[in-house]
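Given the structure is predicted, the values throughout are model-derived calculations rather than measurements. The chains referred to below are lettered A, B, ... by the order of the sequence lines, with proteins before strands, and numbering in each begins at 1.
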Amino acid sequence: SVNSAETEVQSVKIDCKVASRFAHTVMTSTALNKANVSQEVFFEVELPKTAFITNFSMEIDGKTYVGEVKEKEKAKKQYEKAVSSGQTAGLVKASGRKMEKFSVSVNIAANSNITFTLTYEELLQRHFGKYEIMIRVKPKQLVQHFEIAADIYEPQGIAFLDTYATFITNELLPLVEKTVTDKKAHLSFSPTLDQQRKCPDCDGTLIDGDFFIKYDVNRVQDLGDIQIVNGYFVHFFAPADLQRLPKNVVFVIDRSGSMSGKKMEQTREALQTILDDLYEEDHFGLITFDDKIVEWRPSLSNATKKNVNAAKTFVKNIQAVGWTNINDAVLRAVDILTAAEKNKTVPGNSASMIILLTDGDPTFGEQNLDIIKNNVKNAIGGNMSLFCLGFGYDVDYNFLDVMAKQNDGLARRIYEASDAVLQLQGFYDEVASPLLSEVHFNYPEDTVNSLTGSYFKQLFNGSEIVVAGQLNDIEMNDFAVEVSAQGAENYFVAKGQASAQKWDTIFPDQEYIFGDFTERLWAYLTIQQLLDKKDKGTPEEKANATAEALELSLKYNFVTPLTSMVVTKPETDEKPEDTLIADKLTEDQRTGVSTPSQTVPQTSYSYASSPINWVDGD
Amino acid sequence: PHFIIELPDKNDALCFNINDKPGTIFNLVKDPLTGTVVNGQTIGDKKVNPASKENTYFGRFGIIHEKFGIRLMVSTQEILVSEHGKQAKLFWSDNTSVKGLNMDLQVTKDRSLTVTLRNSVKFVIILHKVWKKHPYHQDYLGFYTLDSHLFSRRVNGLLGQFYHGVQFEVSEPFAGKDVDKPDAFMFVKGHRLLVTRGWQKDFRNDVKNGENVPCWFIHNNGTGLIDGDLTDYTVSGLF
């Protein structure tokens, strides 16, 4: 955006290329300063939290300034130098639930132009049976050439593809062009200046919001789809038509004082629906805790209508008061599940899980986070998975995240807002239908190396498991693959041969797409898994994982939590050369942003209905 | 000063006045487990209106958090903070935000101070500014606990003893001395007290007019509701 009418944004182009779920997005924007004096130009881009920035450049009057990815510590030294000389630094800030914002501003001389280019990459994840690409566009003014273009290449074939945008009106709808063939899709949206206008005589723009592309691929084979490109392979596994496994789930619900009011109310409401959604063959239990641990029943119950109704009555009466004893609550849940398995009161092929919902740090009983993690890990012993929901901003999310990952689960933040009930239900829906458990991927050891994770506790309906690796021989075109897992009716085993396809036949003229996409997908996935390992392993594993993740981040130019991108701004008459830093935010840093409960404490949800005792005058 | 005890579970509130000589220091909160203490010193009016009784208000608060080494002195003039011996002074005349390791302070100019002690307590002190030339009244302070759930069960003090709630029953109301305010009998802590339905003000959102909060008023300095008697809560110094 620009501050003055004499500077105009000439073009904004968002170009997204997806090959086998790996998305590579380039955002380019050009502005021209027509004034006789220098002007400040702002470039702000919101990108998904799950993406890594890979490139940034500014071209000013033919001279290009390119961002350089460096080890964070080294970049920090440069940054500190910049800060000590009075310049500002950080370029990336948290923005809402799904995005983070990259922003930079530059002074450009009279009658000169500037082109900003930002590139980021991400592996699209399958949720509820679809992949989603979200592009946030807020050009803030009319743009001479505005274009969103997306090309999707999926060798498995595209099952369906939908697009919509929060800003698309009936007038703009016909402008979204969509061409979908068997394995390829092309989308474009390029409104003219007049079509962008809010009204015929005004300068306001209609283009302000989120543009979504959602699609899925065809799934047929039990073995999944394996693609071999340039010495790398990727295995996508989400077989169709699998029967659901029965599950044993214990909900562990925090009812400490800080949950009182809205959070407790939303939890009760969400649980009513979640309990209703249990399948008859499932077994379940409920534990509520503050400084005391209260079980609904001492052992698991069948999810019959009668039991579900009884549980719903129990849930209706949960009241928030007291301190937070996470340790004993989770251990009690483990005991209940372990006893059920030992006594064979649950089916042998069932999947066991604990869903913990809490809004704060432990404040009662065992409070040392490392000891709690150890206790939970030792008690679970790989026999069940733990999912943690952190409600609001006062939780130590990192603690929940690590504890969940150590126990084959994952953590999710529940944002305090009117839709918290839907967030809770949505999370449950994702894990409500396990299809397989103990999923093992086997590839011949003498053929592949540098494998990403090849064991998964569960495969959930609507999701997908991705494994990638390198081939020992770049010329190799096929190898044997086996996937084994516990299925609903019997043991699931799929065997087959992976073979390289003829990309030039499948995508004539577009073979360049596959140049290094698979390799970068492998690198992205490996870094993500190493970053997880860095948090949850032994000290030695942590050190090795950190070193390896750093090496890959630098090699593939990814801005990850271990690297920073150093951006040099050109010198101007008023200022010497600036050094700025683009970082990848961690979850802890994201929570450092202002939240309602921090900036307006008097009206925050957390405290609104806690007992407020006071003393004052008339 | 007027004390208000909110009881969300009962959707009700209790209130009582404490009146003593200006200058008396009362203990409002004392938690031996977390080492948190809040004391308040009262002030009176500039001069007493011969037609009315003398009212007192809080003019200074002293707050200690032993574990964090924090001391906070809040008066109608200024805010003095010390953390592990390091001192700072804040003024009511500025919007200020201080984010510390264990304590966050936020001053909203001429209006309020929000204090958050990590994993401990959150409270707001309201500044009531009075016209400087007012013949009788002067500036005073209010103290509001926003989050007290992390205090231990052993917390006491004039406010602290109610942080974990209080059990009571109220009889059917009956006509009292004041036609607009019914009386009732309250059964609390083994006592049967005559209480009056009234209201007190919550000034957090509207510092000038406040918002009425209906409550059961306990007469005679809260006798019967508070543990012990008033002298049990008087202390010799702010810290």
Interface moiety of Asp290(A) toward chain B, non-hydrogen atoms closer than 4.5 Å | neither
Phe3(B) versus chain A, heavy atoms under 4.5 Å apart: side chain, backbone, both or neither?
-> both
With only heavy atoms counted, which part of Thr56(B) is less than 4.5 Å from chain A, the side chain, the backbone, both or neither?
-> neither
Taken to the nearest 0.5 Å, the spacing of His149(B) NE2 from Thr324(A) OG1 works out to 5.0 Å
OG of Ser260(A) to CG of Asp147(B), rounded to nearest 0.5 Å, is 8.0 Å
Out of curiosity, Asn613(A) CG to Leu159(B) CG, how far, rounded to the nearest 0.5 Å?
-> 6.0 Å
Once you round to the nearest 0.5 Å, how far does OG1 of Thr363(A) lie from CZ of Phe151(B)?
-> 13.0 Å
Is the CG atom of Asn11(B) crowded by more than 12 outside heavy atoms at less than 6.0 Å?
-> no
Sort Asn17(B) into side chain, backbone, both or neither according to what part of it lies under 4.5 angstrom from a heavy atom of chain A.
-> neither
Measure Val38(B) against the heavy atoms of chain A and call it side chain, backbone, both or neither at under 4.5 Å.
-> neither
Note, Val615(A) side chain near Ile4(B) side chain (heavy atom, < 4.5 Å) = no
Under a 4.5 Å heavy-atom cut-off, does chain A meet the side chain of Ile18(B), its backbone, both or neither?
-> neither
